[in-house]
Colleague: 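Mind looking over this structure? Questions follow.
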Amino acid sequence: MNRYIQYMYSYPHKTAYRPLQNVNLRDYMGNLEGEGHGLYLHLPFCESKCGYCNLFSAAGCGKAYMDAYLDALPRQMKQFREILPGSTVFGSFTVGGGTPLLLDAKQLERMFLAVRQYMPLKDNCDIVIETAPKQTDEEKARLLKEHGVTRVSMGIQSFVEEELAWLGRYHDGRQAQKAAELLTGMGYACVNLDFIYGLPGQTAESLLYSLRRAVSLSPDEIFLYPLYIKHGVRLEKDGKAAVLDSDHTGRLYQSGAAYLKEQGYDQVSMRRFVKKKGSVCPGGEYQDCGFTGSLALGCGGRSYLGRLHTCASYRTTRQGILQEIEEFREREDFCSVTNGILLSDEEIRRRYVIKQLLIYPGISKAVYRDHFGAELTEAFPILLDWIRQGWLEETGDSFLRLTEEGLSLSDYIGPQLISEDVRRKMLEWERSNGREDDFLQGISEKL
């Protein structure tokens with residue numbers, strides 16, 4: 001069994017989105033009434049493209065090009081502010097990429113000031129940003145602190161030089177160490193460090209070497225990501241995609257997860273490990289996923305507004321991504337929706353189950369019943385199969401949660417919940433782009 005099928009960080013996937021006509025954000029902004037919703041700003045720029053990256057980001061864009069992108073953001077924010085409900089207060093604000101700290105300090109300052117001017121943020125808003133070792137310096141770190149950033153996430157991936165080179169990362173272990181020491185000493189509420197496992201030739205010893213160095217810095221969170229090599233990325237072009245081994249990756253996962261738990265980190269998903277004692281990491285508490293909305297700024301981020309999910313057309317080539325960025329920069333009407341998906345009642349239920357199932361403490365059967373008017377296991381009988389297989393268990397407070405074995409199979413279990421309609425749309429996108437992921441052919445409808 002290939003346990004590494006797909007990372008289900010959201011549902012439905014962007015490849016299930018389609019062109020939309022006569023859809024306007026004004027009709028869906030009511031989903032952002034009140035507090036508890038998220039604001040996301042996408043900065044789709046990197047110094048270089050990592051060998052495994054298929055995200056919406058472009059490398060090699062100069063300062064003037066990024067300035068022109070920043071010019072468009074206030075125009076978009078102003079239009080959004082005019083149609084936001086008066087009661088809207090965003091409880092979280094995330095800046096993602098790309099590598100947001102590729103921007104220089106003046107550009108970052110400009111971005112934060114524009115958001116504060118136009119967007120209603122909660123006074124104690126959780127502010128999250130991503131970075132990379134080469135783009136992390138003291139000036140930018142202090143600027144983030146001054147602007148209320150509460151969580152900084154940095155992708156290190158490995159402290160082993162040969163592994164970094166194989167992955168196509170452009171930092172070394174020394175740079176990663178220096179940047180991590182800077183961030184963990186800055187006094188943010190939460191610092192997260194990302195690592196990747198599953199490389200050919202990577203051993204439990206080399207993975208643990210990286211994790212020991214990370215733990216010695218006492219970060220609040222550590223994320224462990226299995227290596228995926230998707231169509232079109234540089235590692236595939238270099239002929240390295242065929243050498244991944246699911247069993248090898250699984251053994252590395254077991255070693256890494258066991259070590260982090262021994263070191264006092266709670267595992268709250270297949271990827272996320274949170275320090276137990278004294279941690280005040282934003283998002284560390286239990287949350288119901290799927291009942292709140294999110295508004296995206298910039299080009300490439302997704303807005304979740306009730307039934308409407310929308311973003312720019314999904315592109316993976318540099319040429320296609322730059323084309324979308326150009327269209328964003330020149331756009332006059334940011335409220336007209338041109339691409340996305342309108343979720344049916346069934347898809348809304350599936351989205352909720354997928355998002356809750358893959359994190360601890362799991363799904364509350366009572367919350368599901370109250371919200372959807374149905375019994376969870378009757379609506380999703382496959383959950384009973386997973387209980388029988390030992391992948392799922394019922395806790396004393398009527399939650400269904402993944403067992404330790406089930407948690408390790410998250411990237412196998414999650415894709416089984418993709419609906420037939422969404423699977424078909426994803427497969428159509430793959431074929432129309434001259435590619436095809438095997439898992440789309442293999443997933444059967446079991447619900």
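The figures here come from the full heavy-atom set of this structure, side chains too, leaving out hydrogens, waters and symmetry mates. All residue numbers in this chain count up from 1 along the given sequence.
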Colleague: Which class fits the ring pair Phe223 and Tyr225: parallel under 30°, tilted 30 to 60°, perpendicular over 60°?
Modeller: parallel
Colleague: Determine whether the side chains of Thr136 and Thr131 contain a donor N or O and an acceptor N or O closer than 3.5 Å.
Modeller: yes
Colleague: Which heavy atom in Gly198 sits nearest to a heavy atom in Thr249, and how many Å separate them?
Modeller: CA-OG1, 3.6 Å
Colleague: Has the side chain of Ser336 got a donor or acceptor atom that lies under 3.5 Å from a matching backbone atom of Asp333?
Modeller: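 No.
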Colleague: Determine whether a donor-acceptor pair (N or O, by modelled atom type, separation under 3.5 Å) exists between the side chain of His42 and the backbone of Cys299.
Modeller: yes
Colleague: Can you measure from CD1 (Ile363) to OG (Ser398) and round to the nearest 0.5 angstrom?
Modeller: 13.0 Å
Colleague: Please indicate whether Lys78 has more than 12 foreign heavy atoms, meaning atoms of other residues, nucleotides or ligands, lying under 6.0 Å from its NZ.
Modeller: no
Colleague: State, yes or no, whether a side-chain contact exists between Phe380 and Trp386 at a heavy-atom distance under 4.5 Å.
Modeller: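 No; the side chains remain at least 4.5 Å from each other.
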Colleague: Looking only at heavy atoms, which two atoms of Ile325 and Pro44 are closest? And how far apart?
Modeller: CD1-CG, 3.8 Å
Colleague: Determine whether the side chains of Gln135 and Glu47 contain a donor N or O and an acceptor N or O closer than 3.5 Å.
Modeller: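 Looking only at side-chain atoms, Glu47 and Gln135 do form a donor-acceptor pair, the distance falling under 3.5 Å.
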Colleague: Determine, for Glu375 against Lys365, whether the closest basic-nitrogen to carboxylate-oxygen distance falls under 4.0 angstrom.
Modeller: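 Salt bridge between Glu375 and Lys365, a charged N being under 4.0 Å from a carboxylate O: no.
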Colleague: With a 4.0 Å cut-off, would you call Arg307 and Asp345 a salt bridge?
Modeller: yes
Colleague: For Glu405, does the CD atom have more than 12 heavy-atom neighbours from other residues, nucleotides or ligands under 6.0 Å away?
Modeller: yes
Colleague: So which atom in Leu41 and which in Met77 form the shortest heavy-atom distance, rounded to 0.1 Å?
Modeller: CD1-CE, 4.2 Å
Colleague: Within 45° of the ring axis of Tyr118 and under 6.0 Å from its six-membered ring centre, is that where the NZ or CZ of Arg81 lies?
Modeller: no
Colleague: Salt bridge or not for Lys230 and Glu236, using N-O below 4.0 Å?
Modeller: no
Colleague: Taking the side chain from His37 and the backbone from Gly293, do they hold a donor-acceptor pair closer than 3.5 Å?
Modeller: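 Confirmed, His37 side chain pairs with Gly293 backbone.
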Colleague: Mind checking whether Pro100 and Phe45 have side chains closer than 4.5 Å, heavy atoms only?
Modeller: no
Colleague: Are any non-hydrogen side-chain atoms of Phe399 and Tyr360 less than 4.5 angstrom apart?
Modeller: no
Colleague: Centroid separation under 6.0 Å, is that true for the rings of Tyr314 and His13?
Modeller: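 Yes, close enough.
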Colleague: Do Tyr209 and Ser158 have side-chain heavy atoms sitting under 4.5 Å apart?
Modeller: no
Colleague: Using 0.5 Å steps for rounding, measure from the CZ atom of Arg388 to the CG atom of Leu383.
Modeller: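 It is 10.5 Å, given to the nearest 0.5 Å.
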Colleague: In this structure, is the centre-to-centre distance between the rings of Tyr40 and Phe93 below 6.0 Å?
Modeller: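 That pair fails the under 6.0 Å test.
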Colleague: Between Glu221 and Arg272, does at least one N-O distance fall below 4.0 Å, as a salt bridge requires?
Modeller: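 Yes, this pair counts.
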Colleague: Taking the inter-plane angle between the rings of Tyr228 and Tyr4 on a 0 to 90° scale, is it parallel (under 30°), tilted (30 to 60°) or perpendicular (over 60°)?
Modeller: perpendicular
Colleague: If you take all heavy atoms of Cys311 and Arg302, which pair is closest and at what distance?
Modeller: CB-CG, 3.6 Å
Colleague: Given the rule in the salt bridge (charged side-chain N to carboxylate O under 4.0 Å, His left out) test, do Lys425 and Asp421 qualify, once you have shown the distances and angles that lead to the verdict?
Modeller: CA-CA 6 Å; Lys425 289 177 178 177; Asp421 181 57; 3.5 Å; yes
Colleague: Establish, yes or no, whether a centroid distance under 6.0 Å links the rings of His309 and Tyr304.
Modeller: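 Yes, close enough.
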Colleague: Quick one: are His231 and Glu430 in side-chain contact, heavy atoms under 4.5 Å?
Modeller: yes
Colleague: Under 3.5 Å, side chain of Arg75 to main-chain N/O of Arg331, donor-acceptor pair present?
Modeller: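 The answer is yes, because a donor-acceptor pair under 3.5 Å joins these two groups.
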Colleague: Can you find a heavy atom in the side chain of Lys261 that is under 4.5 Å from one in the side chain of Gln267?
Modeller: yes
Colleague: For the CG atom on Asp370, are there more than 12 heavy atoms of other groups (residues, nucleotides or ligands in this structure) within a distance under 6.0 Å?
Modeller: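 More than 12 within 6.0 Å, yes.
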Colleague: Quick one: do Leu39 and Leu297 satisfy side-chain contact (heavy atoms from CB on, under 4.5 Å)? Show the steps, please.
Modeller: CA-CA 8 Å; Leu39 183 69; Leu297 305 171; 3.9 Å; yes
Colleague: Check the pair Thr338, Leu20 against side-chain contact (heavy atoms from CB on, under 4.5 Å), reporting the backbone distance first and the verdict last.
Modeller: CA-CA 5 Å; Thr338 58; Leu20 295 175; over 6 Å; no
Colleague: Could you tell me the separation between the OH atom of Tyr197 and the CD atom of Gln157, rounded to the nearest 0.5 Å?
Modeller: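 Reported to 0.5 Å precision, the distance equals 12.5 Å.
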Colleague: Are Ser153 and Asn192 close enough that a side-chain donor and a side-chain acceptor fall under 3.5 Å?
Modeller: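 The criterion, which ignores hydrogens and geometry beyond distance, is satisfied for Asn192 and Ser153.
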Colleague: By the definition side-chain hydrogen bond (donor to acceptor under 3.5 Å, both in side chains), identify the one residue from Arg350, Glu347, Arg351 that meets it with Ser419.
Modeller: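 By the side-chain hydrogen bond (donor to acceptor under 3.5 Å, both in side chains) criterion, Ser419 pairs with just one of Arg350, Glu347, Arg351: Glu347.
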Colleague: Which atoms form the tightest heavy-atom contact between Phe56 and Glu324, and what is the distance?
Modeller: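 Closest pair (atom of Phe56, atom of Glu324, distance): CZ-CB, 3.6 Å.
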Colleague: Which pair of heavy atoms, one from Asp411 and one from Pro226, lies closest together, and at what distance?
Modeller: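 Closest pair (atom of Asp411, atom of Pro226, distance): OD2-CG, 3.8 Å.
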Colleague: Report the C-alpha separation of Val274 and Tyr265 in whole Å, then their side-chain angles, then the decisive distance to 0.1 Å, and conclude whether the side-chain contact (heavy atoms from CB on, under 4.5 Å) test is met.
Modeller: CA-CA 5 Å; Val274 180; Tyr265 286 80; 5.7 Å; no
Colleague: Would you call Phe80 and Met119 a side-chain contact if the rule is heavy atoms closer than 4.5 Å?
Modeller: yes
Colleague: Under a 3.5 Å distance rule, please check whether Gln202 uses its side chain to pair with a backbone N or O of Leu199 as donor and acceptor.
Modeller: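 Answer holds: yes.
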Colleague: Charged N to carboxylate O under 4.0 angstrom, Arg431 versus Glu428?
Modeller: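 No, Arg431 and Glu428 are not salt-bridged.
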Colleague: Is Tyr11 close to Lys355 at the side-chain level, that is, under 4.5 Å between some pair of heavy atoms?
Modeller: no
Colleague: With distance as the sole criterion, is a donor-acceptor pair present between the side chains of Lys122 and Ser92 under 3.5 Å?
Modeller: no
Colleague: Could you please spell out the steps behind the side-chain contact (heavy atoms from CB on, under 4.5 Å) verdict for Val149 and Val128?
Modeller: CA-CA 6 Å; Val149 168; Val128 180; over 6 Å; no
Colleague: Is the positively charged end of Arg271 above the ring of Tyr7, judged by distance under 6.0 angstrom from the centroid and angle within 45° of the axis?
Modeller: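 Yes, Arg271 and Tyr7 form such a contact.
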Colleague: Are there over 12 heavy-atom neighbours, none belonging to Arg26, within less than 6.0 Å of that residue's CZ?
Modeller: no
